[in-house]
There are 2 protein chains.
Amino acid sequence: MRIGQLAQSVGVDTQTIRFYERQGLLPPPGRQENGYRVYTEKHVERLAFIRRCRILDLSLAEIHELKRYQDDPHQSCTAVNALLDDHISHVRSQITALQALEKQLVSLRARCNDDREVKACGVLAGISEGNMHQQ
Amino acid sequence: MRIGQLAQSVGVDTQTIRFYERQGLLPPPGRQENGYRVYTEKHVERLAFIRRCRILDLSLAEIHELKRYQDDPHQSCTAVNALLDDHISHVRSQITALQALEKQLVSLRARCNDDREVKACGVLAGISEGNMHQQ
DNA sequence: TTAAAACTATATAGTCGCTATAAGGTCAAT
DNA sequence: ATTGACCTTATAGCGACTATATAGTTTTAA
């Protein structure tokens, strides 16, 4: 299977596949005489795994780490669970920060409901005054 | 006032100030004979405005846009409000996405509570199987 | 058969908002 | 005279791609 087919079957751009290879995430495939990359089913699974990790918003470094655990299947999976726990708390703190931000934005927006001249706009005034509740 | 003082009074790195100048966000200040930048109170206000916008997570492009509105103070502020509304819905969709992600991660994490061998780890299995609820 | 379309390859630069590094010039105090 | 704190410019790095340029190969269609 060539790169285009792999790309289509996993739903990834060919550039991204070459990028993952350069990053050491996807093992270098064989080559045809003309230099074209040749992939196997292993590559399909591997790439799909990477993509599912990315959907979970794991970083490439974290995916690397998971790969290392997979390569040593007899060790304890404590580290895998710890990685996920860390990631979950990371996501949670992102949510908290964004919720605080949303509150700030909504309260700022409430300062100008009508169609004023810019110089009288409560929104711009609000930012300029800087009396936003700092997070 | 020189760049270090401006940086300190607003709480920004000097590098960032030069960066904003190159981006056209902060007007080029005057120069001393030795080439040092000289800033005024206007610059302090301007930089503080930019920083408050950044705290609200507005992009530099959006800050540019706000600047253009400020420079024409007699036009209607509809566009200002629209910019903020867009930004609020952007933040809200980020929150929604992250909440869905958190749910996915938590349910994945629940697949392995104990200390197993990596090859039996429900978390890795869960990612590999790919039966996560795609958002 | 030939020409165009579709695919592949590499290398390089751009995105965003900084941050870090290198290599140097200026200034005040010791 | 030299140390240290400040200033200057230029350049590279972060993360995870995405886009562009340039070129070679294969497939399809006229």
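Quick note: numbers below take in every heavy atom, side chains included, and nothing from hydrogens, waters or symmetry partners.
- Listed here is the closest heavy atom pair of A:Val38 and A:Pro29: O-CB, 3.2 Å.
- At the phosphate of C:dC18, OP1 or OP2 sits under 4.0 Å from a side-chain N or O atom of B:Arg51.
- DNA chain C is contacted by A:Arg31, A:Gly35, A:Tyr36, A:Arg37 of residues 26-41 of chain A, taking any non-hydrogen atom closer than 4.0 Å.
- Heavy atoms of B:Arg2 sit under 4.0 angstrom from primed sugar atoms or phosphate atoms, though from no base atom.
- Where the helix from C:dT1-D:dA30 to C:dT30-D:dA1 starts and where it ends, the local axes point in directions that differ by 30°; five pairs per end, rounded to 10°.
- For the pair A:Ile17 CD1 and D:dT18 C1', the computed distance is 14 Å after rounding to whole Å.
- When the P atom of D:dA16 is taken as reference, atom CG of A:Leu47 falls 16 Å away, rounded to whole Å.
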Q. How far apart are the C-alpha atoms of A:Phe49 and A:Val10, what are their side-chain angles, what is the distance that settles it, and do they pass the side chain to side chain contact (heavy atoms under 4.5 Å, CB included) test?
A. CA-CA 10 Å; A:Phe49 180 83; A:Val10 179; over 6 Å; no
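- At a threshold of 4.5 Å between side-chain heavy atoms, the hydrophobic network of Ile, Leu, Val, Met, Phe, Trp and Tyr places B:Leu83 and B:Leu60 in one connected group.
- For A:Tyr20 and D:dA16, the shortest distance from a side-chain N or O to OP1 or OP2 is not below 4.0 Å.
- Nearest heavy atoms, B:Asp57 versus A:Leu101: CB-CD2, 3.7 Å.
- A side chain to side chain donor-acceptor pair (under 3.5 Å) with B:Tyr20 is found for exactly one of B:Arg51, B:Gln15, B:Arg46, namely B:Arg51.
- With rounding to whole Å, B:Arg54 atom CZ is found 6 Å from C:dG17 atom C1'.
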Contacts under 3.5 Å, N or O only, protein and nucleotides 12-15 of chain C:
none

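- When the C1' atom of C:dT8 is taken as reference, atom CG of A:Asp13 falls 13 Å away, rounded to whole Å.
- With distances taken from any side-chain atom of B:Thr16 to the nucleotides C:dT8, C:dT19, D:dT9, the minimum falls on C:dT19.
- Side-chain atoms of A:Thr14 lie closest to C:dT8 of the nucleotides D:dT8, C:dC18, C:dT8.
- In terms of heavy atoms, A:Arg92 sits closest to B:Val106 at NH2-CG2, 3.4 Å.
- Smallest separation of non-hydrogen atoms from A:Cys112 and A:Gly122: CB-N, 3.6 Å.
- Counting all heavy atoms, side chain and backbone alike, B:His87 lies closest to A:Leu105 at CD2-CD1, 3.5 Å.
- Rounded to whole Å, atom P of D:dG15 lies 11 Å from atom NE2 of A:His64.
- Residues A:Thr14 and A:Gly4 share a closest heavy-atom pair of CG2-CA, 4.0 Å.
- Straight-line distance from the CZ atom of B:Arg18 to the C1' atom of C:dC18: 14 Å, rounded to whole Å.
- B:Gln94 has its side chain out of reach of A:Glu102: every pair of non-hydrogen atoms, C-beta onward, lies at least 4.5 Å apart.
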Q) Does the side chain to side chain contact (heavy atoms under 4.5 Å, CB included) test come out yes or no for A:Asn81 and A:Leu84, once each step is laid out? A) CA-CA 5 Å; A:Asn81 294 335; A:Leu84 213 66; 5.7 Å; no
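- Residue A:Leu60 contributes atom CG, which lies 14 Å from atom C1' of D:dT18 at whole-angstrom precision.
- For the pair A:Met1 CE and D:dT26 C1', the computed distance is 18 Å after rounding to whole Å.
- With B:Arg37 as reference, B:Glu21 is the one residue of B:His43, B:Glu21, B:Gln32 to meet the side chain to side chain donor-acceptor pair (under 3.5 Å) rule.
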